[in-house]
Amino acid sequence: MNKYIFLFIISISIILSSCDLFTNPGEGENPGNENPGNEDKPNPTTDGLSYVFDFEAIPEITINFSLDEWNSLLSKYDANNDTKEYVHCDVKYQKGNDIFNIENAGIRLRGNTSRRRPENGTGSHVGDGNADWQHCHFGLNFRKYDKDDNHEIYGIRKINLKWFNNDPTYVREVFSYDLFQRAGVWTAAEICYSRLWINVEGDPKPAYYGIYSMIEPYDNKYIERKVDKFESADGNLWKCTYTSNGPADLRNENANMGEDDNVHEYTYELKETEVGYDIAKAQLQHFIRTLNSKDNGDEFAEWFEQICDVQLFIKTYAVNVALGMWDDHWNNGNNYYLYFNTQDPENYKVFFIPYDYDNTLGTSNCYDPAKQNPTEWGTMGKLMQRVIKTPQYKNMFIEELKKLVDPANGLMDYNSSSTRIREWQNRIKDYISNDTGEDMEIKDETAPWSNYKYSLLNNSNNYFIEKAKTINNL
């Protein structure tokens, strides 16, 4: 072949290849990030959640701070250790070979009694490599300051990062949310393990904070992702918490209620609304007032069937009690969300959403969580007080509890539970040691302050075995 013809053919091939690159933008690279594989991109409206909160992966998260922003985070905590104020940061999220770099994201401290200063001591960060790092909970909002598609990961805009506070096993909250999902409680948040680094400008190297749980936040996007089950995304979402203002026991329609103003702690805190605070508050007050006005028995049951998915609620509370969650609505007036799915103050369906499960599986500072009668779990929460005094609902509750501990179902019997826990611990064990010097090894123990000492893996004094005995004796 004539060498000039050969060179001409090669040139045409190169040009066509280049044209092909330009006619397929995004193939091989995610614009604005470093995530390859356009054909494998999740759909943000369907499976972006399962991509980000991938339980089979351990995403790596590096949070980069300027020195000023890190010191701002510290000073906000020093001024008010309940602060919810955000500061600026850059975030690198890596899952396998996929890398997402999100600039100018927002980050804040989280936690109720477990909220901490991320660097021990007082004053500003020096940046000499001698910081006394300290585990704490973080909330990340990728779109806090810039509201565009480059500030999300396949539709996910926020994530909560929790250290394993008072949980030497590194599994309690993970096991709990996973069990909700396995049992069919679709309101429960998604969760997975992650590894976390904090990188402050001027430091010689990032601080490795170790293994964290990464949890789906309850917000408007959470509601939208489940709109087919909630039936509407235009309702009102409340966080319900025991605070210095009193318990969230659904007894007092004049309890402390407020909007999220980044400062105060409310017993009932409005997180999302389409109609404004006044209407949302009137709706919650109507619910509390009506709940307290119903007699036990048929009158309550008729109303409850109209405003609630009864089977879902009872299944949710069966999992809650099986897990030994005592710091809850029923016993402590604490740690749950309510979603009202309409804007009508008197016509709605209400959904109970489980929340905060680190003090579970044997960890308790009150009664024995494995041996306490599940039908006498608490005396505070008005909703469960009404439910458990309704015979047909009490029977449903006991039936759901027994399903959970039945070995045939593989949910919360000793063999299936310990097998899952061992597998999860084996996946994370090499990543536990961290620069805070805290929680440096996995132990089969309850929290040091717990009144009861249960094992999750050994068959001696085992929480799962003892819990099954208690439930099966009902």
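For reference, positions follow the sequence shown, starting with 1.
Counting only N and O atoms by type, the side chains of H329 and N334 include no donor and acceptor under 3.5 Å apart. No side-chain N or O of D358 forms a donor-acceptor pair with one of N165 less than 3.5 Å apart. For N236 and Q283, the side-chain atoms include at least one donor-acceptor pair closer than 3.5 Å. A donor-acceptor contact closer than 3.5 angstrom links the side chains of E400 and Q311. Of the N and O atoms on the side chains of Y212 and H137, not one donor lies less than 3.5 Å from an acceptor on the other residue. The closest side-chain donor-acceptor pair between W377 and Y367 falls under 3.5 angstrom. Residues N434 and T436 have side chains that bring a donor and an acceptor to within less than 3.5 angstrom of each other. Remark: the S416 side chain and the D413 side chain contain an N/O donor-acceptor pair separated by less than 3.5 Å. A side-chain donor from one of D328 and Y317 sits under 3.5 Å from a side-chain acceptor of the other.
Looking only at distances, a side-chain donor or acceptor of E438 sits under 3.5 Å from a matching main-chain atom of H135.
By the salt bridge (Lys or Arg N to Asp or Glu O under 4.0 Å) test, E190 is found to be paired with no residue, residues two or more places apart in sequence or in another chain being considered. For E103, there are no salt bridge (Lys or Arg N to Asp or Glu O under 4.0 Å) partners two or more places apart in sequence or in a different chain.
Ring orientation note: the planes of F340 and F287 are nearly perpendicular, at an angle over 60° on the 30°/60° scale. F175 and F464 have tilted rings, their planes meeting at an angle from 30° to 60° on a 0 to 90° scale. A perpendicular orientation is assigned to the rings of Y154 and Y51, their planes being inclined by more than 60° (bins at 30° and 60°). Using bins of under 30°, 30° to 60° and over 60° for the plane-to-plane angle, the ring pair F164/Y170 lands in the tilted bin. F313 and F304 have perpendicular rings, their planes meeting at more than 60° on a 0 to 90° scale where under 30° would count as parallel.
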Checklist line | ring pair (Phe, Tyr, Trp, His ring centres under 6.0 Å) assessment of W197 paired with Y208 | finding: CA-CA 4 Å; W197 285 262; Y208 177 54; 4.9 Å; yes
Next item on the list: Begin from the C-alpha positions of D406 and L404 and carry the test side chain to side chain contact (heavy atoms under 4.5 Å, CB included) through to its verdict.
Entry: CA-CA 6 Å; D406 185 346; L404 290 168; over 6 Å; no
Next item on the list: Test salt bridge (Lys or Arg N to Asp or Glu O under 4.0 Å) on E399 and K315 and set out the steps.
Entry: CA-CA 9 Å; E399 182 181 347; K315 187 188 294 286; over 6 Å; no
Next item on the list: Applying side chain to side chain contact (heavy atoms under 4.5 Å, CB included), run through N331 and M380 and close with a yes or a no.
Entry: CA-CA 5 Å; N331 181 66; M380 185 173 288; over 6 Å; no
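The side-chain tip of R225 does not point at the ring of Y218 from less than 6.0 angstrom away and within 45° of straight on. At least one test fails for R157 against the ring of F142: distance under 6.0 Å to the centre or angle within 45° of the axis.
Annotation: the span from I288 atom CD1 to N254 atom CG amounts to 9.0 Å, rounded to 0.5 Å.
Across Y336 and A248, no two heavy atoms sit closer than the pair OH-O, 2.6 Å.
Taking the six-membered ring for Trp, Y357 and F180 have ring centres closer than 6.0 Å.
With D327 as reference, N335 is the one residue of T363, N112, T360, N335 to meet the side chain to side chain donor-acceptor pair (under 3.5 Å) rule. Evaluated for a salt bridge (Lys or Arg N to Asp or Glu O under 4.0 Å) with D356, the options R110, K162, K239 yield exactly one hit, K162.
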